[in-house]
Amino acid sequence: TRWATSFAALAVAAIIFALTEQPPEASSSLSGAVSSAILNSAEIAAPELTEPSSQLIKFVPGAVVIQPIGLGIGFRQLAHTIEFFTLGAFVATAGSMWLCKLRVSSHLASAAIPVGICAVYSLFDQIHKLFVPGREFDAIDLGFDAMGYMAACALVFCIASLFIAKGKRQEIAAGYSVSRCVYTTV
């Protein structure tokens, strides 16, 4: 599963690369199609979220508006967050598995390495845009990317910590010695 998770992370990175490689027209067309699909789905699933009287969240063409503060977040920015959440989840999971294999038990390394890898890839993604005609570096996207991979890495780290805590409880009950990742009999 280390290899499968690693390949999944590489596949997500390749998809992000391919999406960045799109010319602006294709990117806008894809964004428009996704925006329409989201808006149509919202109209069907929760029509009150598309009406002007919506109190909390309102779906409008191309964005989600958080009504109480009037904050509109474009679907394109949300797409960055979702892409990098997915990347972060796979990188953090693979990283955790590889660190266990290498017997690295540092919680700091478990958290910092995946975040660092995702941050570097996010920056690479923005720099890559400079070489695609019609696209440009957008520092705001770095923040939306960071929201995605930081949330994913935190989630994976919390889930891993729960498994470790469960293992330590089992260690006391069953007479096993539990390291960060490896169970060995006493």
Engineer: Which residue pairs pass the salt bridge (Lys or Arg N to Asp or Glu O under 4.0 Å) test with at least one member in residues 141-164, sequence neighbours excluded?
Structural biologist: Lys129-Asp141
Engineer: Linking Ile, Leu, Val, Met, Phe, Trp and Tyr through side-chain heavy atoms less than 4.5 Å apart, which residues share a cluster with Val156?
Structural biologist: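 Answer for Val156: none, a lone residue.
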Engineer: What residues join Leu10 in its hydrophobic cluster, counting side-chain heavy atom gaps under 4.5 Å, either direct or through other members?
Structural biologist: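 Via sub-4.5 Å side-chain contacts, Leu10 links to Trp3, Phe7, Trp98.
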Engineer: Under the rule for side-chain hydrogen bond (donor to acceptor under 3.5 Å, both in side chains), what residues qualify as partners of Asp125, not counting sequence neighbours?
Structural biologist: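 With sequence neighbours excluded, Asp125 shows a side-chain hydrogen bond (donor to acceptor under 3.5 Å, both in side chains) to Thr20, given in chain and number order.
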Engineer: Suppose we screen for side chain to side chain contact (heavy atoms under 4.5 Å, CB included). Which residues come up paired with Tyr121, at least two apart in sequence or across chains?
Structural biologist: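 Checked Tyr121 against side chain to side chain contact (heavy atoms under 4.5 Å, CB included); matches are Ala13, Ile16, Phe17, Phe84, Leu87, Phe124.
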Engineer: Using the side-chain hydrogen bond (donor to acceptor under 3.5 Å, both in side chains) criterion, which residues pair with Thr93? Sequence neighbours excluded.
Structural biologist: none
Engineer: Show me the pairs that pass ring pair (Phe, Tyr, Trp, His ring centres under 6.0 Å) and involve residues 42-63, at least two apart or across chains.
Structural biologist: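 Applying ring pair (Phe, Tyr, Trp, His ring centres under 6.0 Å) to every pair that reaches into residues 42-63, excluding sequence neighbours, yields nothing.
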Engineer: Who passes side chain to side chain contact (heavy atoms under 4.5 Å, CB included) against Leu56, sequence neighbours left out?
Structural biologist: Pro68
Engineer: Of all residues at least two apart in sequence or in a different chain, which pass the side chain to side chain contact (heavy atoms under 4.5 Å, CB included) check with Ala4?
Structural biologist: none
Engineer: Suppose clustering is done on Ile, Leu, Val, Met, Phe, Trp and Tyr with side-chain heavy atoms closer than 4.5 Å. Which residues sit in the same group as Leu108?
Structural biologist: none
Engineer: For Ser27, which residues count as a side-chain hydrogen bond (donor to acceptor under 3.5 Å, both in side chains) partner, sequence neighbours excluded?
Structural biologist: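 Partners of Ser27 under the side-chain hydrogen bond (donor to acceptor under 3.5 Å, both in side chains) test: Arg76.
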Engineer: Only counting residues at least two apart or in another chain, list the ones meeting side-chain hydrogen bond (donor to acceptor under 3.5 Å, both in side chains) with Glu21.
Structural biologist: His128
